[in-house]
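Per chain, numbering begins at 1; letters A, B, ... match sequence-line order. Quick note: numbers below take in every heavy atom, side chains included, and nothing from hydrogens, waters or symmetry partners.
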2 protein chains.
Amino acid sequence: MDPQPFHDHDHHQCSDAVMSQAEASLAASGARLTPVRRRVLEILLEAHRAMGAYDVLQRLAAEGYGNQPPVAYRALDFLVEHGLAHRIQRLNAFAACMHPGEAHAPAFLICRVCDTVAEAPAAPVRAALDGAAADLGFTVERASIEALGLCPACREPS
Amino acid sequence: MDPQPFHDHDHHQCSDAVMSQAEASLAASGARLTPVRRRVLEILLEAHRAMGAYDVLQRLAAEGYGNQPPVAYRALDFLVEHGLAHRIQRLNAFAACMHPGEAHAPAFLICRVCDTVAEAPAAPVRAALDGAAADLGFTVERASIEALGLCPACREPS
DNA sequence: CTTGACGCGTTATGATATTACATACATAGA
DNA sequence: TCTATGTATGTAATATCATAACGCGTCAAG
Ligand SMILES: [Zn+2]
Ligand SMILES: [Zn+2]
Ligand SMILES: [Zn+2]
Ligand SMILES: [Zn+2]
């Protein structure tokens, strides 16, 4: 079973595992996980949440890295391009990918209470979308599917 | 058959029809279609494309309306709240709704060549998304589904 | 006639993102 | 070893998108 952001889990192990997969994935593609990039990924992995570029930048600056926007944007763009992070359009923010290496275009589930972001398998959704688009003669190349709602934890009165 | 942004059609009739539906829809809800709001809707209706708030603002200013961002944002927000326009997250832009009055949460199909935006019926897509979310215990309240690709016209070598 | 709700105009500011250029660093020939 | 080259980082400046806060005019209810 994949890590489940919405449920209690050993997040240390969770993020370590993702980090390892990320390293392996990058090594395979020959791209370099530099200190800035690695640190940004670690920061994103601290919680199952999306962070704005400027939030990331602030963290980087506090740790002695550059403090201008391109420093953060470049690292984030790198991670996105290499499938190690996703951009959440709705939030103007970025989240670590929980399945690096596996080619995928997930649907994002964003809890409006606790801001947790999870990736859901989007294949059936994507198939439905492709179908609807095909009815209009449209060819889908990339899709962003983002849902806002309540995660299990926040729905329970608990 | 609905108006088909991707195919040749009598757009004058197309936009007039939407405008009428919009007026009817607003009248039913008691909200007021003021000159600024009406003009913004007309501007959005000029083409099946999304426009940024500042593009709209520029048009408004050129016609003697206010030239500060809130003028455009207020009118656009009003239109979105009343179901007469949609916000396209991916583009930071707004498009007129082609089915005002009918409650709907469409999927958007955005041609990367000609920038045309169309609304596709999203019910099946939404159902698939709800299913995938339910598997994780997540309740979807609102979803944005936006596809980038090629419209029929731009795919043909023609 | 007053009052209050609403729409609009304006100033100012905040938040997000990119361009352009300079500098440092790695590594692969010569 | 010594450059040459590509890549990564640092920085300044600017562009783009969005909102907060305030004041004025209009109009209808009381
Ligand atoms: Zn975790
Ligand atoms: Zn939650
Ligand atoms: Zn039309
Ligand atoms: Zn097209």
Side chain of [X], heavy atoms from C-beta onward: which of [options] has the nearest atom to it?
{"X": "B:V71", "options": "C:dG9, D:dA13, D:dA8", "answer": "C:dG9"}
{"X": "B:D77", "options": "C:dC8, D:dA18, D:dT19", "answer": "D:dT19"}
{"X": "B:Y73", "options": "D:dA18, D:dA20, D:dT11", "answer": "D:dA18"}
{"X": "B:P69", "options": "C:dG7, D:dA18, D:dT7", "answer": "D:dA18"}
{"X": "B:R74", "options": "D:dT19, C:dG9, D:dT9", "answer": "C:dG9"}
{"X": "A:Q68", "options": "C:dT10, D:dA12, C:dC6", "answer": "D:dA12"}
{"X": "A:Y54", "options": "C:dG9, C:dT16, D:dG10", "answer": "C:dT16"}

- request: Verify the distance criterion only: is there a donor paired with an acceptor across the side chains of B:T116 and B:R49 at less than 3.5 Å?
  value: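 Per modelled atom types, B:T116 and B:R49 side chains form no pair under 3.5 Å.
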- prompt: Hey, would you say the A:H9 and A:H11 ring centroids sit under 6.0 Å apart?
  reply: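 Close enough - the centres of the two rings lie under 6.0 Å apart.
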task: Report yes if the distance between the aromatic ring centroids of B:H86 and B:H99 is under 6.0 Å, otherwise no.
output: no
- prompt: Between atom OG of B:S144 and atom CZ of B:F108, what is the distance when rounded to the nearest 0.5 Å?
  reply: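 So the OG of B:S144 and the CZ of B:F108 are separated by 9.0 Å.
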- request: Between B:V36 and B:N92, just flag the one whose closest nucleotide in DNA chain C comes earlier from the 5' side.
  value: B:V36
task: Report the residue (A:D55 or A:P70) whose heavy-atom-nearest nucleotide on DNA chain C is the more 5′ of the two.
output: A:D55
Between [X] ([atom1]) and [N] ([atom2]), how many Å, whole number?
{"X": "A:R90", "N": "D:dC17", "atom1": "CZ", "atom2": "C1'", "value": "17 Å"}
{"X": "B:Q89", "N": "D:dC17", "atom1": "CD", "atom2": "P", "value": "14 Å"}
{"X": "B:E81", "N": "C:dC6", "atom1": "CD", "atom2": "P", "value": "13 Å"}
{"X": "A:L76", "N": "D:dA8", "atom1": "CG", "atom2": "C1'", "value": "15 Å"}
{"X": "B:R37", "N": "C:dC6", "atom1": "CZ", "atom2": "C1'", "value": "8 Å"}
{"X": "B:L57", "N": "D:dT16", "atom1": "CG", "atom2": "C1'", "value": "13 Å"}
{"X": "A:L60", "N": "D:dT11", "atom1": "CG", "atom2": "C1'", "value": "15 Å"}
{"X": "A:N67", "N": "D:dA13", "atom1": "CG", "atom2": "C1'", "value": "14 Å"}

query: Given C:dC8, is OP1 or OP2 found less than 4.0 Å from the side-chain N or O atoms of B:R32?
result: no
query: Taking the nucleotide of DNA chain D with the closest heavy atom to each, which residue, B:G52 or A:T34, is nearer the 5' end?
result: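 The answer here is A:T34.
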message: Donor-acceptor pair, distance only, cut-off 3.5 Å: does the side chain of A:R37 make one with the backbone of A:R32?
response: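 Yes, A:R37 side chain to A:R32 backbone: donor-acceptor pair under 3.5 Å.
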